[in-house]
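Written below as structure tokens is the structure these notes are about.
Everything quoted here is computed from the prediction, not taken from an experiment. Below, chain A is the first sequence line, B the second, and so on; all start at residue 1.
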Amino acid sequence: MDYTPLHRWDVSCAEAERLQRALRERLVLQPPPDFAPRLAAGGDVSTHRDASRAYAGFVVLDIVSRETVDAVAVRAEVTFPYVPGLLSFREIPALAVAWQQLPTRPDFLVIDGHGLAHPRRMGIACHAGLVFNLPTIGCAKSLLVGRYGHLGEERGATAPLVHRGEVVGMAVRTRARVSPVYVSPGHCMDLPTAVELVLRLADYREPETTRRAHRLVNALRRADLAGAPPPPHPE
DNA sequence: GCGACAG
DNA sequence: ATCTTGTCGC
């Protein structure tokens with residue numbers, strides 16, 4: 001698929017924050033008027049402990065039949081370090097390499113990380129939506145900002161995620177008695193729609209989009225590992 | 001100044 | 001996220 005880079009990615013942390021504050025103004029926090037999604041995509045990145053090598057991939061699935069209709073995984077280089085609040089600058093360049101190899105344009109994308117539930121309301125899900133130009137949802141496994149109150153133990157229970165007096169996302173119980181996931185709008189998305197879609201996609205704790213993308217990149221990672229294994233015990 | 005801190 | 005052994009439970 002095609003996309004719009006929007007800006008350079010090899011920037012300083014201060015410049016990255018400036019870009020986030022500027023890009024924030026371009027966000028659309030409402031789904032398209034004719035939004036009737038059928039194809040969901042999940043994207044994920046797997047990085048090494050030290051090396052700059054990363055694996056990135058996308059899986060596209062039909063939300064009705066649940067069939068995987070597309071899957072691409074690539075090797076890529078990461079240069080930006082992991083800095084809380086600046087995850088997009090580390091992962092989006094790698095995701096973009098995989099995105100170019102994707103033959104089908106999905107109706108929306110679920111990203112492993114936050115959207116509006118971010119210090120500057122510009123998490124990786126928002127940023128990815130702007131760059132790839134499609135509706136996006138952030139679905140994270142842990143909190144970056146915000147707090148929430150009581151959350152029922154049953155599947156489908158929700159509790160608003162509040163940060164600085166604003167509702168920025170929702171804690172969502174996708175499985176009974178299992179820790180929740182944190183859902184927030186990315187781009188061309190609102191919170192109710194994001195929560196509904198994540199619940200529709202989740203058979204287990206995480207939505208199938210994320211699970212399948214995660215398995216895909218890990219498979220490529222292990223395949224590479226078997227091809228050139230650095231011997232731990234040189235005897 | 002001191003903690004907290006997506007992946 | 002990654003590095004890791006065993007272990008609890010369906």
Side-chain angles (χ1 to χ4, degrees), chain A residues 9 13 16-17 20 23-24 42-58 73 75-98 109-129 131 136-148 155 161-164 168-172 174-187 189 191 194 198 203-207 209-226 229-233:
Chain A
W9 295 92
C13 290
E17 290 190 16
Q20 289 182 328
L23 291 168
R24 187 172 71 188
D44 192 34
V45 177
S46 167
T47 57
H48 267 69
R49 176 151 79 179
D50 31 56
S52 61
R53 168 153 288 188
Y55 299 87
F58 287 97
R75 302 174 185 75
E77 296 299 308
V78 293
T79 54
F80 205 92
Y82 169 68
V83 178
L86 300 179
L87 182 64
S88 56
F89 289 84
R90 177 172 174 76
E91 298 198 342
I92 288 184
L95 286 172
V97 176
L109 170 65
V110 181
I111 286 288
D112 201 353
H114 295 287
L116 290 185
H118 176 277
R120 290 167 292 281
R121 300 218 261 6
M122 255 308 286
I124 188 171
C126 301
H127 210 145
V131 172
T136 50
I137 294 170
C139 182
K141 298 178 293 300
S142 61
L143 288 177
L144 177 58
V145 298
R147 301 184 48 175
Y148 62 99
R155 170 184 154 85
L161 184 58
V162 178
H163 178 57
R164 297 179 185 172
V168 294
M170 197 81 87
V172 180
T174 49
R175 289 206 83 184
R177 295 171 296 284
V178 169
S179 52
V181 292
Y182 306 99
V183 177
S184 58
H187 179 51
M189 185 60 56
L191 188 52
V198 166
D203 296 328
Y204 299 96
R205 184 195 180 204
E206 300 185 270
T209 41
T210 302
R211 284 188 77 226
R212 294 184 195 182
H214 201 273
R215 286 175 50 236
L216 178 72
V217 297
N218 282 330
L220 179 61
R221 189 183 193 288
R222 293 190 340 246
D224 267 16
L225 207 58
H233 286 298

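No side-chain donor-acceptor contact under 3.5 Å links A:T174 and A:R205.
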message: Between A:R212 and A:D44, is the salt bridge (charged side-chain N to carboxylate O under 4.0 Å, His left out) condition met? List the steps.
response: CA-CA 9 Å; A:R212 294 184 195 182; A:D44 192 34; over 6 Å; no
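Nucleic acid contact class of A:L86 (heavy atoms, under 4.0 Å, all strands): base. Among the heavy atoms of the strands lying under 4.0 Å from A:I124 is at least one base atom, whether or not backbone atoms are also near. Residue A:R221 is classed as a sugar-phosphate contact, given heavy-atom separations below 4.0 Å to backbone atoms only. Looking at heavy-atom distances under 4.0 Å, A:G138 makes no contact with the nucleic acid at all.
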message: As a check on the pairing definition, encode DNA chain C in dot-bracket form, counting Watson-Crick and G-U wobble pairs whose two distances are under 3.5 Å, and using | for partners outside this strand.
response: ..........
- request: Any chance you could encode DNA chain B as dot-bracket? Rule is Watson-Crick or G-U wobble with both distances under 3.5 Å; [ ] for pairs crossing earlier ones, | for another strand.
  value: .......
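Residues satisfying the salt bridge (Lys or Arg N to Asp or Glu O under 4.0 Å) criterion with A:R175, sequence neighbours excluded, are absent altogether.
Taking every nucleotide of DNA chain B with any atom under 4.0 Å from a non-hydrogen atom of chain A, the first and last of them, 5' to 3', are B:dC5 to B:dG7.
Between the A:H114 side chain and the A:H118 main chain, no donor and acceptor come within less than 3.5 Å of each other. A:Q20 contributes a side-chain N or O that, together with a main-chain N or O of A:G85, makes up a donor-acceptor pair within less than 3.5 Å. Remark: side-chain polar atoms of A:S184 are paired, donor with acceptor, to backbone N or O of A:G115 under 3.5 angstrom.
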Under 4.0 Å protein heavy-atom contacts per nucleotide of nucleotides 5-10 of chain C, with B for base, S for backbone only and - for none: ------
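Residues A:V131 and A:W9 have side chains in contact (heavy-atom distance under 4.5 Å, counting atoms from C-beta outward). Contact of the A:C126 side chain with the A:H187 side chain is not registered, since no non-hydrogen atoms from C-beta on lie closer than 4.5 Å. A heavy-atom distance below 4.5 Å is found between the side chains of A:V181 and A:C139. Side-chain contact between A:L143 and A:Y148 is present, with heavy atoms from C-beta onward closer than 4.5 Å.
Rounded to an integer number of Å, the gap from A:H214 NE2 to C:dA1 C1' is 8 Å. In this structure, A:Y82 atom OH and C:dT2 atom P are separated by 13 Å, rounded to whole Å. Note: CZ (A:R222) to C1' (C:dT2) measures 15 Å, nearest angstrom.
Each of A:L95, A:T136, A:I137 was compared with A:L109 under the side chain to side chain contact (heavy atoms under 4.5 Å, CB included) criterion, and only A:T136 meets it.
Within 6.0 Å of CZ in A:R155 there are more than 12 heavy atoms belonging to other residues, nucleotides or ligands.
Applying the salt bridge (charged side-chain N to carboxylate O under 4.0 Å, His left out) definition to pairs two or more places apart or across chains, none involves residues 77-91 of chain A.
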